[in-house]
Amino acid sequence: MGSKKRQSSAIQESYGEEEKQNNDSKSDMKIQKGNSNGERGNSALQAALQSLKPMERKKKRKGMDKERHQFVIEAKGPSDVKNTSENASVIQMQLPSPQASVFPVFHIDVFRNLASSDSLVREAAAETLVRELIEVQKAFEQLGNNVDNNVDSEENPQLEAEKDDGLEGCAPSLRYAVRRLIRGVSSSRECARQGFSLGLAVVVEMIPAVKLVPVMKLIINLLEVSSAMKGLEARDCYLGHLFAYGSLARSHRLATEWIFDKNTPVMREFTSAVISLAQKKRYLHEPAVAVILDMLEKLPVEAIKSHVLIAPGMQEWFLKAAETGNPDALFLALKLQERVSMDRETFGELLPHPLNAENFFSRDNLQLLEKCFKESTFCLPRVHSIWHFVINILIPDAKSQIDVEHCSMKNKKSRKCCSSEDIIKNIRCFCEVVIEGILLQSSHDRKHLALNILQLLLPRLPASCINSVLSHKLVHCLMDILSTKSSWLYNAAQLFMNELICWANIEDDRRATIIVCLQKYSNGRFDCITRTDIVKKLVSKFRTSKSCLHFVHNLMNLFVDEAGITDEPSDQSHTTDENSEVGSTEDKGSPGASGNMDSLKIWIINTMPHVLKNLKVGMKLGISAQTESGNFLEEKLKVQTEIVKFLAVQGLFSASLGTEVTSFELQEKFKWPKVASSSSLCTMCIEELQLLLEDAQKEELGGSVNNLELSDLGSYFMCFLKTLCSIPSVSLYRTLSNEDKRAFNRLQAAESRLYRKERKIDSGFVANKLHAMRYLLIQLVLQILLYPDEFSEAALDFVVCCKKVFPSSENSDSSEEEDAFDDNDMPELMDVLVETLLSILPRSSGRMGYVVEQVFRFFCGDITDYGLQRMLHVVKKDLKPLRHPVSDDDYDDDDEILGIEDIDEMEEAKADEMSVYKEHEDDSEETGNGGEKISSSGDEFEEGELAGVEHQENGQKRGEDHPLKLDKAVGDEEEDAKSEASDDSGGMDDDAMFRLDAYHAQLLKERTGNDSALSQLLLFKLRVLSLIEIYVHKYPGKSHILAIYSCLVQAYSKYHGVAGNEQLGQRIKGILQKKIFKGRDYPKGSDISLDSLEKLLEKSLKIASRSRVKDISSLAQASAFWLLKIVNSRNFSELELSRIVQIFESLLVDYFNNRNCRLKSGFIKEIIRRHHWLGLKLFGFLLGKCTNAKSEFRRIEAVDMVDCIIKSVIPSSKVVGDKEAISKSSKLLKAHLPALCELIFQLLNNLPGKQSRRAEVRRFCTRSLQAVSMLNLKKSFRKAMKPEAFSLCELHLGNAVLPFQVQ
């Protein structure tokens, strides 16, 4: 309406100047009515019309106007009709008198532009309309009523006749315009209501001759809604009333009328009319109140009190509002009370007295207004105006920037602090009563309204009040909605969550509070239930040490604070229609329904490591300087220590007295949940602690840390562990056995000793070795707590190894020396260390695997044959025979070849000495301990590293030997089960049936256990392969690589293509290809015998020629290349290499004579290219095979091989000056020259049928002649070549024979 005001001011200014000039003439004019017969007839007609009903009267008038208009057009004649058609939009008024010639023109086409959809066009039309009407009215007042009436009646046939409308002082054009504007606001064409209401407002405001009372009567008469009107017609009339009253309210005429006459009844009538209109239809309530508020903005307080508030119907409207549920009356009452302070009787129970935020948001008052709040959903999806006003009262703009939680409430009772407390109280009460109690418990429309209200509230909401907003009912409602995308409320919930995330990203405190609320009331499963990643994204935003620490402390408090979580009721009233049933039934086992708190605590434990990852991301994004990096490491260590303390306290310890313990040494208080954590939660804490220590070790070994004291998280954990163990009221979460307790104490002592030694040594190899051993000791401490009675022996053995590697000069451990090995029968330290590491790997997690690899990395250079064979034995070990075993006869004596005794054979003799019949108690103890252990002396081989995997393999044998075991094998048990199941069960009682079910369950359990044993053995093998890979990578030139190669090739041939072993096969293949065959070095030791190389080479070639599996054949070929490379490096004599030549001759015989040979000629040619000496040895053999080949294909293949040898014989540019090399080549070729000539003769005499093969024959012959020529063997060639053969050469080879012709 700003443009309307600008237009009206400009028009008013021009109109005021003209009015001053004609002030005297206007005072003399009088308005008179004509007394002619026509006028009397009109009066009689009006009286007759008044007797009719409103609708009939309106139709009668339109018909009479149409007849009169047609009569005037016919009376004018054809020329006038033509002129009228050409200028239909403009009426030219031509008067015979001088006064009529200067009368202004009113163009009625402006009404058409008032309905335009363009606001600029509507504004221009309204400006034109009021300007022309002002001119017409001014001329009318200057010339007098008679003149204007005559002109209008005679020359303006489009204007209506004069009616008794109360606008006697207005020109006919103005009266017509007013009536048409009133009728236009009821039109639904384009933007007619907006344009015509704008025109009516400007006309009423700018032309004083238009009186308000007649206009209000015209509005009622012209837009009267009869009982015959229904549907759209009635709605248009109601909206016409509304827009017409809005035009009057926005014009300043109401205020002007009151200023000139304070007793005017206009405002009371206007207010009463608007209220009466609002009561007609529900959709008219809110816009009617908006019209009244527009009027109130322009009225002074005195006018409001004396006219508006006492208007008929106003007070009755307020009194019934709370009972009927009228939010618009409530909104009007609040606005009136804000403007004018009224007593209680005015508004009744609708508003509290006195009206303030505390009284309005009291629980009783909000419950009294429940119906008003519910009915405000009528205008959805738009939010009702009452809510904007309520939010302004709840959180004023001045307080929106104040964080309430920063307001100190100790010994301060200032107004600011009190108002802040009131705001918190009001927000809590508003959310509990209105949002949760009224809206969320009702229909989907009201849920939608609740989300919209909270969305409006969020920008002003203090961070400390988010707990009141994100209550358990709201979170459950959001989970129900977001879990189903087809829900009607899904988009509204998404918009609310987006607004909530934007609000949370402003401060870290807000983000942490929102995460805690969402996970607290969903028991850590908000993302899982809603199928979103909202919480995950919020957690990833913590990238500074300060924010991470704050978030970690929030998680700690959430973990130990169970108040308000377990007691929260499960709200099932959200799903009131079928759209939300999926969300509610989908999660019937949700934590909210079962009351299980473990899921929330599991989420807290799993989230802790992610905080550190986000902190590292923040470092990469924002840190560049070294000093900043150092500060970051200090800040990161603070976060790490807090997480370590939390995981250690909650996972390792429990308080025997209460739930809080204060450590005076650490000056810190530790808390535990009221309900003791389950063993699974403690296990999770320990595993996450292991992961945290592993990551810290990786960072320290990465070289990014220079100060050990600032970065050694492991030493901090051990000190913290020792401190808590010393507190009397704190104990470990489970009781340790004697062996575990002994190992637990010994590990702590050993770690402390190595830490002191590490601090005295500068950084280097020894310091890194100490560091790796320390972290293995720390991880073993946690493993003992995780797995009772499983790691104590290995832990004690490793402690002894630490003492042997780094002997201590102190005598404090003299009492423990009885555990050390005797000097007489002390085994190799490396053997004991390998046995210990292998015994740790099977049941340990990936974290333990990493620290074992780090220790092995520093000691693998000293590994013995026994230790290596122990590792390789694990790779070859099978739990049970394969269903389709791969033939490995070729590798059955690899261990004998390498001179390494098989450990299975070593153990068979010891096993025979053991008694078959033992006591049942001993068997049960062995079964419970997972099998035998590896003795520290190494005299006995026990399968400790398999952790009981092989125990089930021998179950059948033990069952046969022991009568207390199962009497029958598994197969017999299955047959018995089938026979029993097929029998009639009529003779079985209930007990027998239950026993049969238990029997079947035991069978299924045994099968499942066997599968888990297989997977466990596979994981064990993969971890051992990691150790082997480390050794191969560090020492590729040691002779042990050959034994590793043999074992891995055998294992790959066995497991390739077997279901369940694909990962193992790929890992073995990767080690062979990347670390051995393509390694930076290869075994060159003199201790490698040629005999073993020959046998390995022979078997590789045999597999390459016989295997049908492409991967195995390719691996065998690569093995042959690698073995020949080792042979070449040893510089053996020709006599020693004769066996290798024989192996290849046998291979070629098989290639040429056996159709089952799958060897490719390209493999043999590649060997000849790489190893020239081997090709020269095979030259004569291949010439014979070319001559005696059974098929043309094999002959051409042999020719290609001979061609490769001849290429190596031809001297290159590099060896042209090497007379010795040329002499050797010449002697070799001369010795085989007759056979070569015979081969050329046979090839040219019997040319192949295919053109490609003929080209290969010519190329070979040409290359042979070229070699003979370059080695100066022309004379010998002529002697060896037969004349007929030479003739064939001349015929088929052309110019290549010219150098050999006799000149």
Side-chain angles (χ1 to χ4, degrees), residues 1128 1131 1133-1135 1137-1138 1141 1144-1145 1148 1164-1189 1195-1247 1254-1303:
N1128 287 340
N1131 296 323
S1133 62
E1134 293 185 0
L1135 182 61
L1137 295 176
S1138 60
V1141 176
F1144 276 93
E1145 288 179 352
L1148 291 174
I1164 301 176
K1165 289 189 285 186
E1166 185 64 26
I1167 290 178
I1168 294 173
R1169 291 191 190 99
R1170 296 186 183 185
H1171 307 284
H1172 301 300
W1173 65 271
L1174 186 59
L1176 297 178
K1177 295 293 183 181
L1178 298 174
F1179 185 64
F1181 181 82
L1182 287 174
L1183 286 175
K1185 287 298 178 182
C1186 292
T1187 305
N1188 301 326
R1195 177 178 295 168
I1196 298 301
E1197 292 291 334
V1199 166
D1200 287 341
M1201 298 178 189
V1202 174
D1203 189 33
C1204 292
I1205 300 175
I1206 292 177
K1207 284 182 183 179
S1208 63
V1209 171
I1210 297 176
S1212 60
S1213 59
K1214 296 181 180 180
V1215 297
V1216 171
D1218 191 355
K1219 296 181 179 180
E1220 183 178 357
I1222 295 176
S1223 176
K1224 289 182 179 180
S1225 300
S1226 178
K1227 290 179 181 180
L1228 175 68
L1229 190 59
K1230 186 175 182 181
H1232 298 89
L1233 200 57
L1236 180 61
C1237 292
E1238 181 65 22
L1239 177 60
I1240 293 174
F1241 173 71
Q1242 291 185 7
L1243 291 174
L1244 294 178
N1245 192 31
N1246 299 309
L1247 287 174
R1254 290 199 300 269
E1256 291 179 2
V1257 168
R1258 293 191 186 97
R1259 184 169 56 252
F1260 166 73
C1261 295
T1262 303
R1263 196 185 305 279
S1264 300
L1265 295 178
Q1266 182 182 1
V1268 170
S1269 177
M1270 294 185 69
L1271 295 174
N1272 298 322
L1273 297 175
K1274 297 179 182 179
K1275 294 181 179 180
S1276 301
F1277 179 77
R1278 290 281 301 178
K1279 291 180 181 180
M1281 181 69 72
K1282 297 178 181 181
E1284 57 271 21
F1286 193 79
S1287 300
L1288 289 173
C1289 291
E1290 291 179 342
L1291 177 64
H1292 294 287
L1293 301 181
N1295 296 332
V1297 190
L1298 293 179
F1300 297 92
Q1301 293 179 354
V1302 180
Q1303 298 178 354

Run Ile1168 and Phe1179 through side chain to side chain contact (heavy atoms under 4.5 Å, CB included) and show every step you take.
CA-CA 10 Å; Ile1168 294 173; Phe1179 185 64; over 6 Å; no
Atom of Lys1230, atom of Pro1234 and distance for their closest heavy-atom approach:
O-CD, 4.1 Å
Under a 4.5 Å cut-off applied to non-hydrogen side-chain atoms, are Lys1282 and Cys1237 in contact?
no
Could you go through the side chain to side chain contact (heavy atoms under 4.5 Å, CB included) check for Leu1243 and Arg1195 one step at a time?
CA-CA 9 Å; Leu1243 291 174; Arg1195 177 178 295 168; 3.8 Å; yes
Can you tell me which residue among His1172, Glu1145, Glu1134 is in a side-chain hydrogen bond (donor to acceptor under 3.5 Å, both in side chains) with Lys1177?
Glu1134
CD of Gln1266 to CG of Leu1271: how many Å apart, nearest 0.5 Å?
10.0 Å
If we ignore hydrogens and angles and just use 3.5 Å, is the side chain of Ser1264 paired with the main-chain N or O of Phe1260 as donor and acceptor?
yes
Write down the atom of Val1141, the atom of Trp1173, and the distance for their closest heavy-atom approach.
CG2-CZ3, 4.3 Å
Pair Arg1263-Asp1203, side chain to side chain contact (heavy atoms under 4.5 Å, CB included): steps then yes or no:
CA-CA 8 Å; Arg1263 196 185 305 279; Asp1203 189 33; 2.6 Å; yes
With side chain to side chain contact (heavy atoms under 4.5 Å, CB included) as the test, would you mind laying out the steps for Met1201 and Leu1178 before giving the verdict?
CA-CA 10 Å; Met1201 298 178 189; Leu1178 298 174; over 6 Å; no
Flag the pair Val1209 / Leu1176 as yes when at least one side-chain heavy-atom distance between them is below 4.5 Å, and no otherwise.
yes
Residues which pass side chain to side chain donor-acceptor pair (under 3.5 Å) with His1171, listed by chain and number, not counting sequence neighbours
Asn1128
Reported CZ-to-CG distance for the pair Arg1258 and Leu1244, which is rounded to 0.5 angstrom
8.5 Å
Flag side-chain contact, heavy atom, 4.5 Å: Ile1164 against Glu1197:
no
With heavy-atom distances below 4.5 Å as the criterion, would you say the side chains of Leu1291 and Ser1287 are in contact?
no
Within-4.5 Å side-chain heavy-atom neighbours: Leu1229 and Leu1236:
yes
For the CE atom of Met1281 and the CD atom of Glu1238, what is their distance to the nearest 0.5 Å?
9.5 Å
Compare all side-chain heavy atoms of Ser1226 with those of Asn1272 and state whether any distance is below 4.5 angstrom.
no
In the structure I gave you, are the side-chain heavy atoms of Leu1233 and Val1268 within less than 4.5 Å of one another anywhere?
yes
So do the side chains of Asp1200 and Lys1165 get within less than 4.5 Å of each other, counting heavy atoms only?
yes
